[in-house]
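Shown next, in structure tokens, is the structure this report addresses.
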Amino acid sequence: MERRNAWNSYTDMEEEELEQVAKSYRHFLNVGKTERECITQIVKEAREAGYQALDEKLAEGRKLQTGDKVYIVGMKKVIALFHIGQDDITQGMNILGAHIDSPRLDIKQNPLYEDTDLAYLDTHYYGGVKKYHWVALPLAIHGVAVRKDGSVIQVNIGENEEDPVVYITDLLIHLSGKQMEKKATEVVEGENLDILIGSRPLKDVKDEEKKEAVKQNILRILKEKYNMEEEDFLSAELEIVPAGKARDCGLDRSMVAAYGQDDRVCAYTSLLAMLEIETPRKTACCLLVDKEEIGSVGATGMQSRFFENAVAELLDSMGCYSDLALRRTLKNSSMLSSDVSAAFDPVYGEYYDKKNAAYMGRGIVLNKYTGSRGKSGSNDANAEYVAKVRRIFDSHNVAFQTAELGKVDAGGGGTIAYIAALYGMEVIDSGVAVLSMHAPWEVTSKADIYEAKKAYKAFLIEA
């Protein structure tokens with residue numbers, strides 16, 4: 001069953017709306033290259049749309065009621081937004097769940113060193129990466145360092161045109177005979193992904209510091225610019241990401257090329273859908289989590305109790321909390337696990353089952369199951385629920401397709417779907433197809449981005 005190309009169905013007005021969504025999305029990618037930056041922008045847009053922090057809303061002295069819009073943030077890296085609906089919340093919510101973390105390089109806690117008049121920062125890669133992707137690129141440093149007194153240093157180096165960038169060197173082709181014989185997993189080793197950050201020695205240093213005069217100069221710069229000491233690296237979260245802004249891709253400007261589209265393309269379109277709906281029949285929820293790329297672990301990952309606790313707080317704020325009410329609310333909910341899918345790439349077509357692949361420009365992708373090989377780690381949505389989602393999408397003229405990640409034994413991957421399903425709720429993976437997933441620069445179709453927003457909005461209204 002071949003699905004239609006969404007581009008062929010748009011009116012002029014729809015194409016204008018599509019371009020506006022793409023423009024807003026590119027801005028979100030530019031200002032949200034880390035989880036913390038994403039949360040800052042999400043809160044900003046939510047507040048502009050009338051949302052309040054739950055604590056602020058409760059300070060007004062009344063219980064939550066139909067039409068109220070609130071959010072809860074956890075550790076500045078995870079957020080749940082709620083729009084209170086007309087129905088009893090124990091009948092379930094309509095939930096959009098996505099993640100805002102992306103593969104990257106993290107600075108180690110004792111990172112700064114000098115070797116042969118060059119200064120470096122040592123890194124540890126985060127998530128599934130092809131390590132050779134990250135060499136010989138202009139890179140930026142984003143994140144925070146926290147001093148012992150609790151004050152926070154905001155770091156963003158490499159994004160403005162006047163900023164310097166940082167860099168990981170590669171072995172020149174003239175000397176790389178042995179390197180080129182290695183397996184791709186070994187061509188660049190993780191411990192060699194060190195960030196080149198300086199080569200100018202500090203003048204007039206003490207004799208005992210002359211061997212590390214370049215490092216001393218870096219420390220001088222950090223002190224002058226950020227009032228940051230070397231020991232502040234111990235309590236820092238600094239992420240190395242590709243430098244540069246999201247760009248239109250293709251001579252026809254039909255695509256977006258940018259860092260971090262897995263899974264911010266689904267996170268942002270979920271947010272847009274959430275902010276656009278009027279008072280829904282069922283309470284609507286947009287859950288944007290951290291740590292999916294490393295197994296959804298930790299206090300800000302989907303495996304934590306953040307979401308469960310947030311819903312408990314919501315019920316209490318509505319005056320209807322009990323353990324049974326919480327269990328019923330979660331069990332009766334419906335969720336789209338909004339995560340990206342692998343777009344068919346004809347250059348590497350042998351790795352896909354063409355009948356069950358996702359194609360650029362053919363709309364949002366439904367993945368009944370993900371996982372690897374024998375569906376390991378999969379949720380595998382019920383057929384009745386798939387039919388319900390199909391019916392919603394068709395009734396709202398949403399272009400959609402169904403797909404698997406790739407050929408059965410080619411590999412695999414997972415999402416947060418199976419974790420949400422532990423509550424007994426209905427869940428299916430539903431997201432945007434991506435080319436070069438997990439590369440420093442990924443590519444998506446503007447049509448698929450637009451259809452994702454339409455799909456998520458339709459789901460919140462009708463599921």
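It should be emphasised that the depicted structure is a prediction, and the values quoted were computed from it without experimental measurement.
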- Message: Quick test of your reading: applying salt bridge (charged side-chain N to carboxylate O under 4.0 Å, His left out), list the pairs with at least one residue in residues 252-267, sequence neighbours left out, ordered by first then second residue.
- Response: D248-R253
- Identify whether the distance between the nearest side-chain nitrogen and carboxylate oxygen of E451 and K454 falls below 4.0 Å. yes
- Message: For the residue pair E276 / Y456, report whether a side-chain donor-acceptor contact shorter than 3.5 Å exists.
- Response: no
- Going by atom types only, do Y226 and D232 share a side-chain donor-acceptor pair under 3.5 Å? no
- Message: If the condition is ring-ring contact (aromatic ring centres under 6.0 Å, His included), which residues does Y132 pass it with, not counting sequence neighbours?
- Response: none
- N309 side chain to R305 main-chain N or O, any donor-acceptor pair under 3.5 Å? yes
- Nearest heavy-atom approach of T269 to I449 is CG2-O, 3.4 Å
- Message: Testing the 3.5 Å rule here: is there a donor-acceptor pair between the side chains of T34 and E239?
- Response: no
- Query: Between D380 (side chain) and Y369 (backbone), is there a donor-acceptor pair under 3.5 Å?
  - Reply: no
- Query: With a 4.0 Å cut-off, would you call K44 and E48 a salt bridge?
  - Reply: yes
- Which of parallel (below 30°), tilted (30 to 60°) and perpendicular (above 60°) describes F307 and F82? parallel
- Query: What are the two closest non-hydrogen atoms of T370 and S378, and how far apart are they?
  - Reply: N-OG, 3.4 Å
- Query: So, are K453 and E17 salt-bridged, with charged N and O less than 4.0 Å apart?
  - Reply: yes
- Query: Do you know which two heavy atoms are closest between E19 and K446, and how far apart they sit?
  - Reply: OE1-NZ, 2.9 Å
- Item | Residues forming a side-chain hydrogen bond (donor to acceptor under 3.5 Å, both in side chains) with E56, sequence neighbours excluded | R47
- ring-ring contact (aromatic ring centres under 6.0 Å, His included) partners for Y352, two or more places apart: F344
- Distance-only donor-acceptor check, side chains E16 and Q20, under 3.5 Å: no
- Note on the structure: Hits for side-chain hydrogen bond (donor to acceptor under 3.5 Å, both in side chains) against Q303, two or more places apart or cross-chain, chain-then-number order -> none
- Message: Exactly one of V78, L288, I100 should register a side chain to side chain contact (heavy atoms under 4.5 Å, CB included) with I39. Which one does?
- Response: I100
- Taken in chain and number order and not counting sequence neighbours, the residues that satisfy side-chain hydrogen bond (donor to acceptor under 3.5 Å, both in side chains) with E189 are none
- Item | Least distance between heavy atoms, V427 atom then A381 atom | O-CB, 3.2 Å
- So, N367 side chain and A403 main chain: donor-acceptor pair closer than 3.5 Å or not? yes
- Task: Taking atom types as modelled, find out whether D339 and S337 have a side-chain donor-acceptor pair closer than 3.5 angstrom.
- Result: no
- Should the ring pair W7 and Y10 be called parallel, tilted or perpendicular, given that the plane angle runs from 0 to 90° and is split at 30 and 60? perpendicular
